[in-house]
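Right, one structure below, let's go through it.
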Amino acid sequence: MRNRAPSGFSLVELIVVVAIIGILVSIAVPQYNLYLIRSNKAAAKAVLMEIASRQEQYVVQNRGYFLNCTAACPADPSTLPTADCTANSTTMFSALGVTLPQEALAAYNFAICAPTTTATNVNLASMPTFQATAIARSDTIQVGEATLYVNQFGLRMPLAQW
């Protein structure tokens, strides 16, 4: 009788390959999620900086900043009333000439409100102000991420996130 070479894979070989693939996936998926979070945050930052830039052009022409929120900005920007203030369409800021990209809208809600003035100088108290805010959506991978915002002075908060 001839000895034939076995064809196919043994069960042990198959289990080893599946285990190796499982280990690689358990390392790759969290890293991919971190990559998505970082890229979504970068898109939101780019939108906020575009809004701030366009606001400077808008204030020169209109003597005031564009606001899409009738309520004053709360102390905690993540508590903006969603129905009243946040942008959920790509054309929400068309008055500024800003089109919100879908990838940014998929992860963040955007709003522009007027912060409450605490200036003691009366000249500063009447100065036009704005605060553009990017609020991480709770139904996305961004849940738990810090709310990002930029104001008329170019101050970007929270500092550790920029």
Side-chain angles (χ1 to χ4, degrees), residues 18 20-119 124-162:
V18 169
I20 291 172
I21 291 173
I23 291 169
L24 291 175
V25 167
S26 69
I27 293 169
V29 169
Q31 291 301 316
Y32 181 69
N33 286 341
L34 289 175
Y35 167 76
L36 287 178
I37 290 169
R38 283 193 314 267
S39 67
N40 289 339
K41 189 185 293 186
K45 289 176 187 178
V47 168
L48 289 178
M49 294 312 293
E50 177 71 15
I51 289 171
S53 173
R54 296 295 178 103
Q55 283 283 45
E56 294 309 316
Q57 296 169 0
Y58 189 88
V59 76
V60 168
Q61 295 172 350
N62 299 292
R63 298 184 142 180
Y65 290 112
F66 171 79
L67 305 172
N68 77 314
C69 185
T70 57
C73 296
D76 178 9
S78 65
T79 61
L80 277 168
T82 304
D84 178 41
C85 298
T86 56
N88 54 11
S89 105
T90 57
T91 59
M92 188 73 161
F93 300 129
S94 59
L96 291 175
V98 174
T99 302
L100 299 177
Q102 283 297 335
E103 60 271 9
L105 278 176
Y108 285 89
N109 289 324
F110 295 90
I112 304 174
C113 58
T116 54
T117 306
T118 58
L124 291 177
S126 63
M127 185 176 101
T129 59
F130 80 91
Q131 178 176 296
T133 308
I135 305 163
R137 293 181 45 172
S138 60
D139 61 342
T140 67
I141 196 169
Q142 297 301 123
V143 66
E145 287 295 308
T147 298
L148 304 169
Y149 59 94
V150 63
N151 66 12
Q152 72 277 1
F153 299 118
L155 177 64
R156 299 174 292 209
M157 294 297 285
L159 289 175
Q161 299 297 317
W162 287 81

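Small disclaimer: the values here were computed from a predicted structure and weren't measured. Every heavy atom of this structure was used, including side-chain atoms; hydrogens, water molecules and symmetry mates were not. By convention here, the first residue in the shown sequence is residue 1.
- Gly64 and Pro128 get closest at one heavy-atom pair: CA-CB, 4.3 Å.
- No side-chain heavy atom of Cys113 sits under 4.5 Å from any side-chain heavy atom of Asn68.
- Residues Ala95 and Phe66 approach most closely at CB-CE1, 3.6 Å, considering heavy atoms.
- The distance from atom CG of Leu105 to atom OG1 of Thr140, rounded to the nearest 0.5 Å, is 11.5 Å.
- Here Tyr65 pairs with Glu56 under the side chain to side chain donor-acceptor pair (under 3.5 Å) rule; sequence neighbours left out.
- With rounding to the nearest 0.5 Å, the separation of OG1 in Thr147 from CD in Gln161 is 9.5 Å.
- For the atom pair CD of Glu50 and OG1 of Thr99, the computed distance is 9.0 Å after rounding to the nearest 0.5 Å.
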Steps toward side-chain contact (heavy atoms from CB on, under 4.5 Å) verdict (Val150, Ile51): CA-CA 9 Å; Val150 63; Ile51 289 171; 6.0 Å; no
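- Rounding to the nearest 0.5 Å gives a distance of 5.0 Å between CH2 of Trp162 and CG of Leu48.
- Rounding to the nearest 0.5 angstrom, the gap separating the CD atom in Gln55 from the CZ atom in Phe93 is 8.5 Å.
- Checking each of Gln142, Arg137, Glu103 against Tyr108 for a side chain to side chain donor-acceptor pair (under 3.5 Å) leaves exactly one that passes, namely Gln142.
- The OG atom of Ser39 lies 10.5 Å from the CG atom of Leu34; values are rounded to the nearest 0.5 Å.
- In terms of the salt bridge (Lys or Arg N to Asp or Glu O under 4.0 Å) criterion, Lys45 has no residue partners (sequence neighbours excluded).
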